[in-house]
Amino acid sequence: MKGRPDVHWDLHEAKSVVAGLRVASEVVLNLGLKCRWPGLAVDWLPSTDGFGRARGELDLAWCRHCLAEAHEAGGAYLDAEAALPLVFCHRHGAWRQDYCRRCRPSHSPRFTWSVGIEFVCEDCGTPLRTSRWAKPTPAAYFEPEETAAALSILFAFDGEVRNALLGHPARLLGVQPVPARQFLIVLRDLTRALLAPSLFRTSYINLFDCPLLPIMPEHKPQTWDEQPYHELSPSARAQVLSAVVALLADEPVGRLMSGAHLPFREHQTLEKLLNYVPRWVQAMLIRSSVAWPEPLRARVDAHRRQTGMDVDDVLAQFDAWRTERDQRQRERTSLIG
């Protein structure tokens, strides 16, 4: 069981903070993420056991404008949404950052006190509010109007992810608003499919060319373990969200978000993904799609009928292959050891 972030106050801890800050206990207790957002999908916050990306009690992705505003007000704070697996700050419309751009840090950022309180890079000491990085630089072959259109689309869809994370209904491309849990199931399953390894240690995500990012993905999974959406970096989340939009949207949005307007790029759709990902991934999607909204479930079911796939048999064969492979690996390790 992966460790989950602390979203509730421990009562003793809260009392200590109340005494130290000399404020009403309600003020402190209301800072708890689960108190602020009762419908928060806690399982979608990055784990804190060292196996994901989490550094500290929460894996944070902050907005430099929020940090600058706090500094101008005489303090330093992180907005609560810094704990959510989002790509953008939806108050400032800015890309979120998760590391110092001045160095390549190996430690979690921290708050320090010198002249005033600052949120700084642990490695080089740079105040993170001063970051001059504003956004990724798109590839030169995309026109400015294409990147502007793609930004608007991605920002809106990231907003739907935010709605679902907070327990509100959210809209999938081409589908009416759906319950938060259903939205997150679709995002979970498509993330798995896009990042799943093939026998050649590549992934389907590498076929997408987002107009907002400088290079195409070069995902080379080293294990067969799942990489959940909420354990990805903000830039990797942007790649996945762009691909999800491309898979679900009609033209021309789908073509734009997959980079298919270029003569050497192919428009990627959900149907093409189902045809080209490994059979065990196809089977996983067919099985999971029973919890999807009906219009998307029908598209997956059409693939099942066309292929006549025996989902249980395919997944059983894959599990048996993995078990045998893992056993051989353990035997090889014991011989070396």
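Quick caveat: nothing in here was measured; it's all calculated off a predicted structure.
Put simply, CG on D319 and CD on E324 are 13.0 Å apart, with the number rounded to the nearest 0.5 Å. Atoms CG and CG, on L166 and L40 in that order, are 6.5 Å from each other to the nearest 0.5 Å. The OG atom of S258 sits 8.5 Å away from the CG atom of L247 when rounded to the nearest 0.5 Å. Atom CH2 of W62 and atom CZ of F119 lie 5.0 Å apart (nearest 0.5 Å). Interatomic distance, E81 CD to R162 CZ, rounded to the nearest 0.5 Å: 4.0 Å. W280 CH2 to S198 OG: the interatomic distance, rounded to the nearest 0.5 Å, is 10.0 Å.
For V314 against A283, the heavy-atom pair with the smallest separation is CG1-CB, 3.8 Å. Across all their heavy atoms, C121 and C103 have their closest contact at SG-SG, 3.6 Å. The minimum heavy-atom distance between H168 and A180, with the atom names listed, is O-CB, 3.4 Å. Taking all atoms of both residues into account, the shortest heavy-atom contact from A150 to L256 is N-CD2, 3.9 Å. Across all their heavy atoms, T147 and P211 have their closest contact at CG2-O, 3.0 Å. Taking each heavy atom of C210 and F142 in turn, the nearest pair found is O-CE1, 3.8 Å.
P85 is listed as a side-chain neighbour of R237, based on a closest heavy-atom distance under 4.5 Å. Using a 4.5 Å heavy-atom threshold, the side chains of W224 and D326 count as separate. H65 places none of its side-chain heavy atoms less than 4.5 Å from the side chain of R91. Taking 4.5 Å as the limit, some side-chain heavy atom of L154 sits within range of a side-chain heavy atom of F88. Proximity of V186 to V175: side-chain heavy atoms (C-beta onward) are nowhere separated by under 4.5 Å. Looking at R299 and W292, their side chains never come closer than 4.5 Å, going by heavy atoms from C-beta outward. You'll find the side chain of L232 reaches within 4.5 Å of the side chain of L195, heavy atoms only. L187 has its side chain out of reach of L172: every pair of non-hydrogen atoms, C-beta onward, lies at least 4.5 Å apart.
Seen from the ring of Y99, R101 counts as a face-on cation partner, given the 6.0 Å and 45° thresholds.
In this structure, F111 places its CZ atom where more than 12 heavy-atom neighbours from other residues, nucleotides or ligands lie under 6.0 Å away. Heavy atoms from other residues, nucleotides or ligands lying under 6.0 Å from NZ of K34 number more than 12. Within 6.0 Å of the CD atom in E218, the count of heavy atoms belonging to other residues, nucleotides or ligands does not exceed 12. More than 12 heavy atoms of other residues, nucleotides or ligands lie within 6.0 Å of CZ in R322, so this atom counts as buried by the packing criterion. Annotation: R132, atom CZ; neighbour count of heavy atoms from other residues, nucleotides and ligands within 6.0 Å does not exceed 12.
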Exercise for the section: Please report the C-alpha distance between V281 and R192 in whole Å, then the side-chain angles of each, then the deciding distance to 0.1 Å, and finally whether the side-chain contact (heavy atoms from CB on, under 4.5 Å) criterion is met. Expected result: CA-CA 8 Å; V281 179; R192 285 176 176 173; over 6 Å; no
Problem - H219 vs Q239, side-chain contact (heavy atoms from CB on, under 4.5 Å): CA-CA, chis, key distance, verdict - result: CA-CA 11 Å; H219 188 61; Q239 290 175 334; over 6 Å; no
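In terms of modelled atom types and a separation under 3.5 Å, the side chain of S152 and the main chain of A149 share no donor-acceptor contact. In this structure, S233 contributes its side chain and A236 its backbone to a donor-acceptor pair below 3.5 Å. At least one donor-acceptor pair under 3.5 Å links the side chain of R64 to the backbone N or O of W133. The closest donor-acceptor contact from the side chain of Q97 to the backbone of S131 lies at 3.5 Å or more, if one exists at all. When atom types are taken as modelled, the side chain of E122 and the backbone of R110 share no donor-acceptor pair closer than 3.5 angstrom. A donor-acceptor pair under 3.5 Å links the side-chain atoms of H230 to the main chain of D43, judged by distance alone. Side-chain N or O atoms of E231 include none that pairs as donor or acceptor with a backbone N or O of P228 at under 3.5 Å. With hydrogens and angles ignored, the 3.5 Å screen pairs no side-chain donor or acceptor of D123 with any backbone N or O of R104.
Checked by atom type, the side-chain pair T126/R102 shows a donor-acceptor distance below 3.5 Å. Side-chain polar atoms of R279 and Q282 form no donor-acceptor pair below 3.5 angstrom.
A chain of hydrophobic side-chain contacts below 4.5 Å, direct or via other Ile, Leu, Val, Met, Phe, Trp or Tyr residues, connects F183 to V42. I215 and V87 fall into different hydrophobic clusters, where Ile, Leu, Val, Met, Phe, Trp and Tyr side chains are chained together by heavy-atom contacts under 4.5 Å. Taking hydrophobic clusters as Ile, Leu, Val, Met, Phe, Trp and Tyr residues chained together by side-chain heavy-atom distances below 4.5 Å, M216 does not share a cluster with L212. Taking hydrophobic clusters as Ile, Leu, Val, Met, Phe, Trp and Tyr residues chained together by side-chain heavy-atom distances below 4.5 Å, V120 does not share a cluster with L78.
Classified by interplanar angle (parallel below 30°, tilted 30° to 60°, perpendicular above 60°), the ring pair F155/H90 is tilted. Note on ring orientation: taking the six-membered ring where Trp is involved, the planes of Y204 and F208 are perpendicular (angle over 60°, cut-offs 30° and 60°). Taking the six-membered ring where the residue is Trp, Y229 and W44 present tilted rings, their angle falling between 30° and 60°.
The side-chain hydrogen bond (donor to acceptor under 3.5 Å, both in side chains) pairs that include a residue from residues 305-316 are R287-D312, D301-R305, D313-Q317, where partners are two or more places apart or lie in different chains.
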